[in-house]
Number of protein chains: 4
Amino acid sequence: MDQPLRPERPATRIQTANREAILAAALPIFATYGYRGTTIDQIAKRAGMSKPNLLYYFRRKEEIYEALLQRTLTEWLAPLRMLERDGDPETELRQYIGAKLRMSFEQPEASRLFANEVLNGAPVIRPFLETDLRALVEAKAEVIAHWVERGRIASVDPVHLIFLIWATTQHYADFAAQIEAVLGDRAKSRDFLTETTEAVLAIVLNGVSRAEARS
Amino acid sequence: MDQPLRPERPATRIQTANREAILAAALPIFATYGYRGTTIDQIAKRAGMSKPNLLYYFRRKEEIYEALLQRTLTEWLAPLRMLERDGDPETELRQYIGAKLRMSFEQPEASRLFANEVLNGAPVIRPFLETDLRALVEAKAEVIAHWVERGRIASVDPVHLIFLIWATTQHYADFAAQIEAVLGDRAKSRDFLTETTEAVLAIVLNGVSRAEARS
Amino acid sequence: MDQPLRPERPATRIQTANREAILAAALPIFATYGYRGTTIDQIAKRAGMSKPNLLYYFRRKEEIYEALLQRTLTEWLAPLRMLERDGDPETELRQYIGAKLRMSFEQPEASRLFANEVLNGAPVIRPFLETDLRALVEAKAEVIAHWVERGRIASVDPVHLIFLIWATTQHYADFAAQIEAVLGDRAKSRDFLTETTEAVLAIVLNGVSRAEARS
Amino acid sequence: MDQPLRPERPATRIQTANREAILAAALPIFATYGYRGTTIDQIAKRAGMSKPNLLYYFRRKEEIYEALLQRTLTEWLAPLRMLERDGDPETELRQYIGAKLRMSFEQPEASRLFANEVLNGAPVIRPFLETDLRALVEAKAEVIAHWVERGRIASVDPVHLIFLIWATTQHYADFAAQIEAVLGDRAKSRDFLTETTEAVLAIVLNGVSRAEARS
DNA sequence: GATGAATGAGCCTTCATTCAT
DNA sequence: AATGAATGAAGGCTCATTCAT
């Protein structure tokens, strides 16, 4: 076709800007309403352009969604990738958890986008999960197992530790509506990230500390 | 809300049975596709009745959704309600976490229904969250604070501990697709619940144990 | 689905009537504008129902089109099927040509529907053409060849004779607009079918007569 | 109608070349999909230019279509124009039929373009049909009538003879999809034009031969 | 209680055409 | 002469809901 988005042709400035605007507009909507609950109209309106014009940049709703997920995923896993086998376990975990919590507070919509996709059965990103993510988890589980073997942390199941950290940190983004309903103003305080980070670190770091491992 | 449509007459057996069938059919669909992503057709088909007949029992899609949430919520919070101020903290937490994990494994769809609703901003259950749930959390936070004061557990922030337990246990239901993609057969093993329970308990109980509370 | 058109469920009277009305409304439109040039709106309006209601009977535009073609094809080839090997060639051809011309005059839209489909490359009925129609043509070509061998008609190529008859008779339906433009009132006369039949028979029957076959 | 867009300036070479390219690209598409079924995108792509650029040469889709028809019509009727009152009827008809068949085989798309237009009710060329074509047919019918009067051919209705020749010869272009489906490789043979010409001439010339006119 | 029939509103997408450069 | 960008107007189809029986 004579579509403008041909890869061969370099994207113009307007194209880049508009694609960016569309993605930015789409993120919070997909994050809240899910794929099927989101309408192109909503996105177009939020991006300040007409629906056909939006479809000039992304030919299908699906393309927007996939582009968003792709971009999110990479960024989302960056902190885990940084977990260093040779670092100090406590420092490493502290950094990891801290980074994840910061992302949850600063980009809660990205987290929710991802949560929605997985809740729906991960129709789009399943291939990624089964290959890249799986490999990453295995590699980092190995790192944690290494720490356990060396006696540097308590004997915890590495994979479940990763899941626990994911769950705990992303919870503040994915269930923000609930947290705000329960905590009220406290959740809106400027210090809520700090408070949360301290609380989570206290439990998790203590949870993996060697002192007295429990059954 | 979930009253029979003709308040004058008591619900017949067929009415009760059919309403039940509809709710049972609707749960997994709402849980997977979210409110807007679910069609009445899907539910009716799964419930084995015609669309108009389904609408005879629930006049609007919203009613089904609300009835489901209402029923789920009560059940969902039962374990937390059982947390006893005067019990042994470790035993209490062990029971709570165990119960929550069991629910996540046995009724993952209820968890996902709830997750979807909250991800969407909790449009329907917000009032409940702001009143009942809030009160419950405050009460149980008080229980935990009591334990902390008595030195029976480490000095953790009670509310965040509750969130951490919610997040961690529900994660196995809400992100099941991801967990299965990452773990493969291991997640489908018959022992996966046991394995998970042990791993989670190990970390969380250790995390709140007094030995050496950390910053 | 809970579609009403399930084959298992017998069609009700209304269904039969409405499907019939839709097909009747669709025929002249498809015949004139072709598949892509026809809109469901046009058909629905002509059939006196709303667009969604029409789609309640035929779930896709394509289904209407295919149903029409299927019905037309059978009827359309009936005259050829009657060509009898043991009949008198002149009588047989006279009947065949007469029947085809009558159909062209009485149901020109069916002819045009078919012409449109074939002009478009026969995307839908190609399988039929390659199997059933091919077999029929081969069988009837054999009949004509038989006549030629017996010296009952001139030595003509059977297949091309069939094509010539098709072309000539269907021309009065397919090119009616042109014929009317060229002939004016003459083409609208009540006797035009008779006149045409006589003229075509004169040429074709003479054309296959044995007297003096030409190169 | 097919004037350059800026009448003040004569068409440049590029203009002429591009208009030509567009028409060449448009012919097979209009011929196959009809007017409404054809998109400017398809034409532009095939012509190797952008849609807006195409519209620089032809301001509307309709203009392309009309230009094509106009050009085709003239060419299409050339053979008939050559039918000479004073020539030998058999020779004249042989030439006419031969020329028409050659055109059908060599430019089937032009034939199909025309067929589509007439099938659609001749919305664009009706004026032409009612004036020029009508006059031409009347003139040539007179030629044939002259031959009949002189006893040089059988007593056939001139107009219907013309229609029969049109129908029969154009059939091989317009219904090519069907002919190929029915005949298979035979229709793709290099000799198929020769074979067809002989078969058609045999029937038609015999059909108008004087030997024994029939009812 | 149950279902066939009907529909307004909405959604994704296509398309001819225009505008600005 | 050419093209990237933009859009109004459909068009096919879905869906929640209502009506009538």
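Everything numeric here is computed off the predicted structure, so don't read it as measured data. Chain letters run A, B, ... following the sequence lines, proteins first, then strands; residues in each count from 1.
- Residue T39(B) has its side chain nearest to dA16(F) when only dA16(F), dC12(E), dA5(F) are considered.
- For dG4(E), the paired nucleotide is dC19(F), the pair qualifying as Watson-Crick or G-U wobble because both relevant distances are below 3.5 Å.
- Atom-to-atom, CD1 of I22(C) to P of dA5(E) comes out at 11 Å; the value is rounded to the nearest Å.
- Taking every side-chain heavy atom of P52(A) into account, dC15(E) is the closest of dC15(E), dG4(F), dA16(F).
- Side-chain polar atoms of N120(D) and T32(C) form no donor-acceptor pair below 3.5 angstrom.
- Within the 4.0 Å cut-off from OP1 or OP2 of dG4(E), not a single side-chain nitrogen or oxygen of Y57(C) is found.
- Between K45(A) atom NZ and dC12(E) atom P the separation is 13 Å, expressed in whole Å.
- Here R13(A) lies out of heavy-atom contact (under 4.0 Å) with every strand.
- Spacing between dA20(F) and dG1(E) at atom C1', rounded to whole Å, works out to 15 Å.
- For G48(C) and R60(D), each mapped to the nucleotide of DNA chain E holding its nearest heavy atom, the one lying further toward the 5' end belongs to G48(C).
- One interatomic measurement links the two molecules: CG of L54(B) to P of dA16(F), which rounds to 10 Å at whole-angstrom precision.
- Summarising the geometry, the separation between OH on Y56(A) and C1' on dC19(E) is reported as 12 Å, rounded to the nearest angstrom.
- Both N18(C) and R36(B) lie near DNA chain E, and the one whose nearest nucleotide falls closer to the 5' end is N18(C).
- Looking only at atom types and distance, the side chain of E62(A) has no donor-acceptor partner in the side chain of Y35(A) under 3.5 Å away.
- Regarding contacts with the backbone of dG1(E), a side-chain N or O of Q15(B) is found under 4.0 angstrom from either OP1 or OP2.
- Side chains of W76(C) and S111(C) form a contact here, defined as non-hydrogen atoms less than 4.5 Å apart.
- Between the P atom of dA6(F) and the NZ atom of K51(D) lies a distance of 14 Å, rounded to the nearest Å.
- The distance between atom CZ of F58(D) and atom C1' of dT18(E), rounded to the nearest whole Å, is 19 Å.
- We find that CG of N53(A) is positioned 11 Å from C1' of dG4(F), with the value rounded to whole Å.
- E117(B) and Y65(B) share a side-chain donor-acceptor pair at under 3.5 Å.
- The OH-C1' distance, from Y65(A) to dT13(E), rounds to 20 Å in whole Å.
- Across the interface with DNA chain F, nearest-nucleotide mapping of E62(B) and D41(C) shows D41(C) to be the residue nearer the 5′ end.
- Between K51(C) and D41(C) a salt bridge is recorded (basic side-chain N to carboxylate O distance below 4.0 Å).
- Between R71(D) and E66(D), none of the side-chain N atoms (NZ, or NE/NH1/NH2) sits under 4.0 Å from a carboxylate O, so this pair counts as no salt bridge.
- Out of dT14(F), dG11(F), dT13(E), the shortest distance to the side chain of L55(C) is found at dT14(F).
- Comparing Y35(B) and M49(A) along DNA chain F, the residue whose closest nucleotide (by nearest heavy atom) sits nearer the 5' end is M49(A).
- Side-chain atoms of I14(C) lie closest to dA5(E) of the nucleotides dA2(F), dA5(E), dT7(E).
- Listed nucleotides dT17(E), dG4(F), dC12(E) differ in distance to I40(D); the shortest reach to its side chain belongs to dT17(E).
- Taking only side-chain atoms of K61(D), from C-beta outward, the nucleotide of dA5(F), dA16(E), dA16(F) with the closest atom is dA16(E).
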